[in-house]
K.L.:
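One structure, as structure tokens, below. Some questions next.
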Amino acid sequence: MGMWMYILIGIILLIVILIVWLYNSLVGLRNRVKNAWSQIDVQLKRRTDLIPNLVETVKGYAKHEKGVFEEVTKARSNLMNAQSVKESQEANNMLTGALKSLFAVAENYPDLKANQNFLELQDQLAQTEDKIAYSRQFYNDTVLMYNNKCQMFPSNIIASMFHFEQSEFFEIEESARATPKVEF
């Protein structure tokens with residue numbers, strides 16, 4: 001009976017080690033998802049910080065475009081008040097559309113397009129958009145790894161036992177995916 005007892009204890013010990021390892025790997029991935037989201041959040045905050053200066057610069061040249069300014073301001077406010085990935089995603093898409101309208105207005109004012117402050121803000125915004133894209137890619141890759149771990153056997157058992165919930169991807173609106181049409 002002694003030999004079977006050691007084998008049983010060994011099997012139980014291996015199961016406990018497997019459970020601890022799977023749990024810890026799920027915690028690590030969940031924390032990576034939170035960290036990746038915080039990187040997006042930093043860039044979204046930077047983006048919202050640039051917008052008031054951009055709006056004020058455009059307002060100086062295009063005072064009668066009040067509707068566009070209100071749309072940008074509302075979209076910015078929605079993004080700043082977003083509480084979840086889904087809300088941030090929707091607000092970000094709304095802000096992207098509003099900014100397209102703002103830049104379309106700017107196209108009608110050659111003096112504005114030559115304004116150094118406007119050009120610098122436009123450049124900073126473009127750099128921030130690039131950083132958001134990179135952060136979104138990293139976040140989505142991390143979410144994919146985490147969600148896979150939550151769904152694959154045997155870690156899915158541990159994930160359900162300890163209530164690990166899958167994360168949402170941060171996606172862009174379909175219209176933002178389309179390549180702009182350039183005509184001469």
K.L.:
For V85, is there any backbone N or O sitting under 3.5 Å from a side-chain donor or acceptor partner on E168?
P.N.:
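Absent.
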K.L.:
Checking T142 against R30 for the side-chain hydrogen bond (donor to acceptor under 3.5 Å, both in side chains) test, could you report, in this order, the C-alpha distance in whole Å, the side-chain angles of both residues, the deciding distance, and whether it holds?
P.N.:
CA-CA 9 Å; T142 305; R30 182 177 60 193; over 6 Å; no
K.L.:
Test of understanding: clusters of I, L, V, M, F, W, Y form through side-chain heavy atoms closer than 4.5 Å, transitively. Do W37 and V42 belong to the same one?
P.N.:
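No, it is not one cluster - the side chains of W37 and V42 are not joined through contacts under 4.5 Å.
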K.L.:
May I ask you to test the T128-L50 pair for a side-chain heavy-atom distance under 4.5 Å?
P.N.:
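Of all side-chain heavy-atom pairs linking L50 with T128, at least one is under 4.5 Å.
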K.L.:
Check side-chain hydrogen bond (donor to acceptor under 3.5 Å, both in side chains) between S88 and all other residues, then give those that pass, not counting sequence neighbours.
P.N.:
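Listed in chain order: nothing, the list is empty.
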K.L.:
For this output row, return yes or no: ring centroids of F164 and Y23 closer than 6.0 angstrom.
P.N.:
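Centroid separation for F164 and Y23: below 6.0 Å.
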K.L.:
Tell me whether T57 contacts the main-chain N or O of N53 through its side chain, where contact means a donor paired with an acceptor under 3.5 Å.
P.N.:
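Here the side-chain-to-backbone pair exists.
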K.L.:
Determine whether I157 and L22 make a side-chain contact, defined as any pair of heavy atoms from C-beta on separated by less than 4.5 Å.
P.N.:
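SC-SC contact between I157 and L22 ruled out.
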K.L.:
Got K59 and K66 here, is their nearest side-chain heavy-atom distance under 4.5 Å?
P.N.:
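No. Closest side-chain heavy atoms not under 4.5 Å.
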K.L.:
Any donor-acceptor pair under 3.5 Å linking the side chain of S38 with the backbone of N35?
P.N.:
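Indeed, once roles are kept as given, a pair shorter than 3.5 Å links the two residues.
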K.L.:
Tracing side-chain links under 4.5 Å among I, L, V, M, F, W and Y, which residues wind up in one group with L8?
P.N.:
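I12, V16, V20, listed by chain and number.
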K.L.:
By side-chain contact (heavy atoms from CB on, under 4.5 Å), which residues pair with I11, not counting sequence neighbours?
P.N.:
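I11: side-chain contact (heavy atoms from CB on, under 4.5 Å) contacts with I7, I15.
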K.L.:
For a side chain to side chain contact (heavy atoms under 4.5 Å, CB included) check, start with the C-alpha distance between L125 and L99, then their side-chain angles and the critical distance, and finish with the verdict.
P.N.:
CA-CA 10 Å; L125 190 60; L99 287 173; 4.0 Å; yes
K.L.:
Start with the C-alpha distance between F69 and V105, add both sets of side-chain angles, then the distance that settles side chain to side chain contact (heavy atoms under 4.5 Å, CB included), and finish with yes or no.
P.N.:
CA-CA 10 Å; F69 303 133; V105 165; 5.6 Å; no
K.L.:
Spell out, as yes or no, whether a donor-acceptor pair under 3.5 Å connects the side chain of R76 to the backbone of T48.
P.N.:
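Checking the backbone N and O of T48 against the side chain of R76, a donor-acceptor pair under 3.5 Å is found.
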K.L.:
Hey, are the side chains of K86 and E90 touching, using non-hydrogen atoms and a 4.5 Å cut-off?
P.N.:
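Yes, side chains in contact.
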K.L.:
Just do the side chain to side chain contact (heavy atoms under 4.5 Å, CB included) check on Q151 and Q166 with the steps written out, would you?
P.N.:
CA-CA 9 Å; Q151 294 173 2; Q166 293 186 45; 2.7 Å; yes
K.L.:
Does the pair E70/K74 count as a salt bridge with the N-to-O cut at 4.0 Å?
P.N.:
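No.
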K.L.:
Are Y146 and F153 linked, directly or through other ILVMFWY residues, by side chains that come within less than 4.5 angstrom of each other?
P.N.:
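Yes, because Y146 and F153 connect within a single hydrophobic cluster, where side-chain heavy atoms sit under 4.5 Å apart.
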K.L.:
Does the pair D49/K45 count as a salt bridge with the N-to-O cut at 4.0 Å?
P.N.:
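Between K45 and D49 there is a salt bridge, with a charged N closer than 4.0 Å to a carboxylate O.
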K.L.:
Spell out, yes or no, whether V72 and Y109 are grouped together once hydrophobic residues are joined by side-chain heavy atoms under 4.5 Å, including indirect joins.
P.N.:
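Both belong to a single hydrophobic cluster.
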K.L.:
I'd like to know if the side chain of Q83 and the backbone of N81 have a donor-acceptor N/O pair within less than 3.5 Å.
P.N.:
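Indeed, once roles are kept as given, a pair shorter than 3.5 Å links the two residues.
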K.L.:
Is there a side chain to side chain contact (heavy atoms under 4.5 Å, CB included) between L26 and F162? Walk through the geometry before answering.
P.N.:
CA-CA 10 Å; L26 283 164; F162 292 101; over 6 Å; no
K.L.:
Locate the shortest heavy-atom distance separating Q124 from R46; write the atom from each residue and the value.
P.N.:
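Heavy-atom minimum between the residues: O-NH1, 3.5 Å.
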K.L.:
Going by atom types only, do N93 and Q89 share a side-chain donor-acceptor pair under 3.5 Å?
P.N.:
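No pair is found: no donor N or O on one side chain lies under 3.5 Å from an acceptor on the other.
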K.L.:
Looking at F118, is K113 sitting on its ring face, NZ or CZ under 6.0 Å from the six-membered ring centre and within 45 degrees of the normal?
P.N.:
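So K113 doesn't make the cation-pi contact.
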K.L.:
Are any of the side-chain heavy atoms of V58 and V68 separated by less than 4.5 Å?
P.N.:
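No - every pair of side-chain heavy atoms lies 4.5 Å or more apart.
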K.L.:
Report yes if the side chains of L79 and E87 come closer than 4.5 Å at any heavy-atom pair, otherwise no.
P.N.:
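Answer no - side chains too far apart.
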K.L.:
Do you know which two heavy atoms are closest between S25 and K149, and how far apart they sit?
P.N.:
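The answer is OG-CE, 3.0 Å.
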K.L.:
Hey, quick one: are M94 and F103 part of the same hydrophobic cluster, counting side-chain heavy atoms closer than 4.5 Å, chains of contacts allowed?
P.N.:
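Different hydrophobic clusters.
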K.L.:
Is Y134 linked to L144 within one hydrophobic cluster, defined over Ile, Leu, Val, Met, Phe, Trp and Tyr using a side-chain heavy-atom separation of less than 4.5 Å?
P.N.:
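Cluster IDs for Y134 and L144 differ.
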K.L.:
So, S167 side chain and V143 main chain: donor-acceptor pair closer than 3.5 Å or not?
P.N.:
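Here the side-chain-to-backbone pair does not exist.
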K.L.:
Heavy atoms, side chains only, cut-off 4.5 Å: are L44 and M80 in contact?
P.N.:
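Contact flag for L44/M80 side chains = no.
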K.L.:
Could you tell me whether the side chain of F170 reaches within less than 4.5 Å of the side chain of I40, counting heavy atoms only?
P.N.:
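Contact flag for I40/F170 side chains = yes.
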